[in-house]
Amino acid sequence: MKKSKITGWIIIMFLVISISMTGYAAETKEKLHIPLDAFHAGEDVEDGYQLEMDYGKEQENLHISFQTDGKEEGEYPVSVFENVEEVFKGYSGISFDIFNQGQEVKMNMLFSTKEEHVFVLEDGVDVVLYQDNTCNVQTVEYGAFSIPKDFKGSIYIPFNSFTGGEKAKNKELKRGIYGLGFTFVVPENAKVRLLLSSLCVLPDEDVKTAAYFQIVGDKSVLRPALGKSYADYEVKFYNRKGKAKAKPQKITYELTKDGQEAKGITIDDTGHLVAEPAAEEGIYLLKAYNPKGVFSSMEIELKKSWTETQKTDNGYDASVVSPDLVTEIVSKDSILMNEKFFEYVRMMAVIGSVIFLTYYYLRHRKAKEQFKKEFLEEGK
């Protein structure tokens, strides 16, 4: 009887563990690949754009080309969209590879949810571009981010960067979508050729690990006319969800100008930058490397100090003149500029004053005694 009870408990425990492990395995997420074979033109695409989309089945990539020849001066959006049903619960962001074979292109991405809301990238959110060990964090401006000319790399966008308006919450995006799309924005007389591939959704796993990082600090520094000018920079680490909570890594900095080592301006491993008057004005490239050699970059402009460019309301130059340019009133070699000479003069003046006062005291005393003697003799 006891043996049967023990056997029963063992079987129950085994079933519980099996169910738990099955549930855990079910929660383990892998990359979710989304095919690119069902894209079609958006409603804003006219015949004049000559939009062409060609899906390569073997390479699983999508060629997109269009042009804006003959358009008036301005910027023109071209959208592509595909119907696809997916649930993003347990996923943190989306990534895709892109090869921009033409000029710079601005773009945005959108999702249509099952609640019939559209989620897009609004101004102020971050998008991460990876290319040749470069981590470039771009901020969306005017409803788009830029894909540089000849860019060939991957793009990662945290789901937290997508917003769907006041009534749409971010959790709605993870409950399910029925479509996604891209909007490309280019100027007049542009020819665009893009190659999209490896569109996939990344899971929440390892959210504590840094997915990307960026340099934070002033984008312009004043070149001092005298002395030194200072600025401080730091590197912020973000996890896959785009939150600045990832574990920091050791960072090394590099500062260059026109591909050459910067002169007259330095930065140490703490991010403390020092600029001297000898530094050349212009654009400097600051890079921050992590231990794996991946770097994030930031352009810094070194400008003239306001003390060199200040003007009055009437337009007169009121800037502070460098001491080297000030006309000498007295030569530096003059005896009047010799500090020891003035010390000697002061010492002689003190000695002279003591001698004079002593002489005056003695003369006054002698005259007083003589006056008293003569006065008394007359009185007798």
Side-chain angles (χ1 to χ4, degrees), residues 21-40 42 53-64 79-99 107-122 125-131 135 137-138 140 145 147 152-164 168-184 194-212 238-243 245-246:
M21 292 300 292
T22 302
Y24 176 79
E27 289 296 319
T28 302
K29 301 289 186 180
E30 295 183 355
K31 286 184 180 180
L32 179 63
H33 292 272
I34 299 178
L36 299 166
D37 57 348
F39 274 91
H40 57 272
M53 287 183 287
D54 181 23
Y55 177 72
K57 188 174 182 180
E58 293 184 1
Q59 293 80 18
E60 295 183 348
N61 53 29
L62 177 66
H63 289 264
I64 300 176
S79 300
V80 295
F81 188 84
E82 76 168 349
N83 296 320
V84 55
E85 291 191 35
E86 295 289 353
V87 176
F88 292 158
K89 184 178 180 181
Y91 292 87
S92 55
I94 191 163
S95 70
F96 55 91
D97 292 344
I98 188 168
F99 180 20
M107 69 177 295
N108 200 322
M109 188 174 186
L110 64 89
F111 290 105
S112 295
T113 67
K114 294 182 178 180
E115 281 86 347
E116 298 184 354
H117 288 126
V118 176
F119 281 75
V120 296
L121 298 171
E122 294 187 351
V125 300
D126 291 334
V127 175
V128 189
L129 279 66
Y130 295 99
Q131 182 184 22
C135 175
V137 181
Q138 285 197 17
V140 175
F145 62 95
I147 307 298
K152 187 177 183 180
S154 61
I155 295 176
Y156 176 72
I157 310 174
F159 284 143
N160 289 342
S161 293
F162 291 92
T163 52
K169 305 299 181 183
N170 196 265
K171 291 182 179 179
E172 177 183 324
L173 183 63
K174 295 191 175 185
R175 286 197 291 266
I177 65 166
Y178 73 80
L180 62 88
F182 298 97
T183 297
F184 307 100
L194 300 168
L195 179 64
L196 294 175
S197 61
S198 302
L199 182 62
C200 59
V201 184
L202 302 181
D204 286 340
E205 295 177 5
D206 300 326
V207 291
K208 293 182 179 180
T209 303
Y212 61 95
Y238 299 86
N239 59 26
R240 281 188 181 176
K241 291 184 177 181
K243 295 183 178 180
K245 293 183 179 181

S.K.: Can any side-chain N or O of Asn160 pair as donor or acceptor with the backbone N or O of Lys241 at less than 3.5 Å?
M.R.: yes
S.K.: For the residue pair Tyr212 and Tyr238, categorise the inter-ring angle as parallel (less than 30°), tilted (30 to 60°) or perpendicular (more than 60°).
M.R.: parallel
S.K.: Identify the heavy atoms of Ser95 and Tyr156 that sit nearest to each other, and give their distance.
M.R.: CB-CD1, 4.1 Å
S.K.: Side-chain contact test, heavy atoms from C-beta onward, threshold under 4.5 Å: evaluate it for Glu86 versus Val201 and give yes or no.
M.R.: no
S.K.: Return the minimal non-hydrogen interatomic distance between Cys200 and Lys31, and the atom names on each side.
M.R.: SG-CD, 4.3 Å
S.K.: Tell me every residue that passes salt bridge (Lys or Arg N to Asp or Glu O under 4.0 Å) with Glu115, counting only those two or more places apart in sequence or in another chain.
M.R.: Arg175
S.K.: Between Asp204 and Ser92 (side chain of the first, backbone of the second, donor and acceptor by atom type, cut-off under 3.5 Å), is there such a pair?
M.R.: yes
S.K.: Taking the side chain as C-beta and beyond, is there a heavy-atom pair between Phe39 and Ile64 under 4.5 Å?
M.R.: no
S.K.: Measuring from Asp37:CG to Asn61:CG, what's the distance to the nearest 0.5 Å?
M.R.: 11.5 Å
S.K.: Kindly say whether Gly93 contributes a backbone atom to a donor-acceptor pair with the side chain of Arg240 at under 3.5 angstrom?
M.R.: no
S.K.: Is there a donor-acceptor contact under 3.5 Å from the side chain of Asn108 to the main chain of Thr183?
M.R.: no
S.K.: Hey, could you give me the NZ/CZ distance between Lys174 and Phe111, rounded to the nearest 0.5 Å?
M.R.: 11.5 Å
S.K.: Between atom CG of Leu194 and atom CZ of Phe99, what is the distance when rounded to the nearest 0.5 Å?
M.R.: 10.0 Å
S.K.: Can you list the steps and then say if Ser161 with Val127 is a side chain to side chain contact (heavy atoms under 4.5 Å, CB included)?
M.R.: CA-CA 8 Å; Ser161 293; Val127 175; 5.8 Å; no
S.K.: Take atom CD in Glu116; do more than 12 heavy atoms of anything else shown fall under 6.0 Å from it?
M.R.: no
S.K.: When rounded to the nearest 0.5 angstrom, what is the spacing between NE2 in His40 and CD in Glu82?
M.R.: 9.0 Å
S.K.: Given Phe119 and Ile177, is the side chain to side chain contact (heavy atoms under 4.5 Å, CB included) satisfied, shown in steps?
M.R.: CA-CA 10 Å; Phe119 281 75; Ile177 65 166; over 6 Å; no
S.K.: Give the C-alpha distance, both sets of side-chain angles, the deciding distance and a yes or no for side chain to side chain contact (heavy atoms under 4.5 Å, CB included) between Phe184 and Ile147.
M.R.: CA-CA 10 Å; Phe184 307 100; Ile147 307 298; over 6 Å; no
S.K.: What closest approach, in Å, do Leu196 and Leu36 show between heavy atoms, and which atom pair accounts for it?
M.R.: O-CD1, 3.5 Å
S.K.: With rounding to the nearest 0.5 Å, note down the distance linking CE in Met107 to OG in Ser79.
M.R.: 10.5 Å
S.K.: Quick check for you: to the nearest 0.5 Å, what is the distance between Phe162 atom CZ and Ile94 atom CD1?
M.R.: 6.5 Å
S.K.: Taking all non-hydrogen atoms of both residues, which atom of Leu180 and which atom of Phe81 are closest, and how far apart?
M.R.: O-CD1, 3.3 Å
S.K.: Mind checking whether Phe182 and Phe96 have parallel, tilted or perpendicular rings, split at 30° and 60°?
M.R.: perpendicular
S.K.: Within 45° of the six-membered ring axis of Tyr178 and under 6.0 Å from that ring's centre, is NZ or CZ of Lys114 located there?
M.R.: no
S.K.: Heavy atoms, side chains only, cut-off 4.5 Å: are Tyr55 and His63 in contact?
M.R.: no
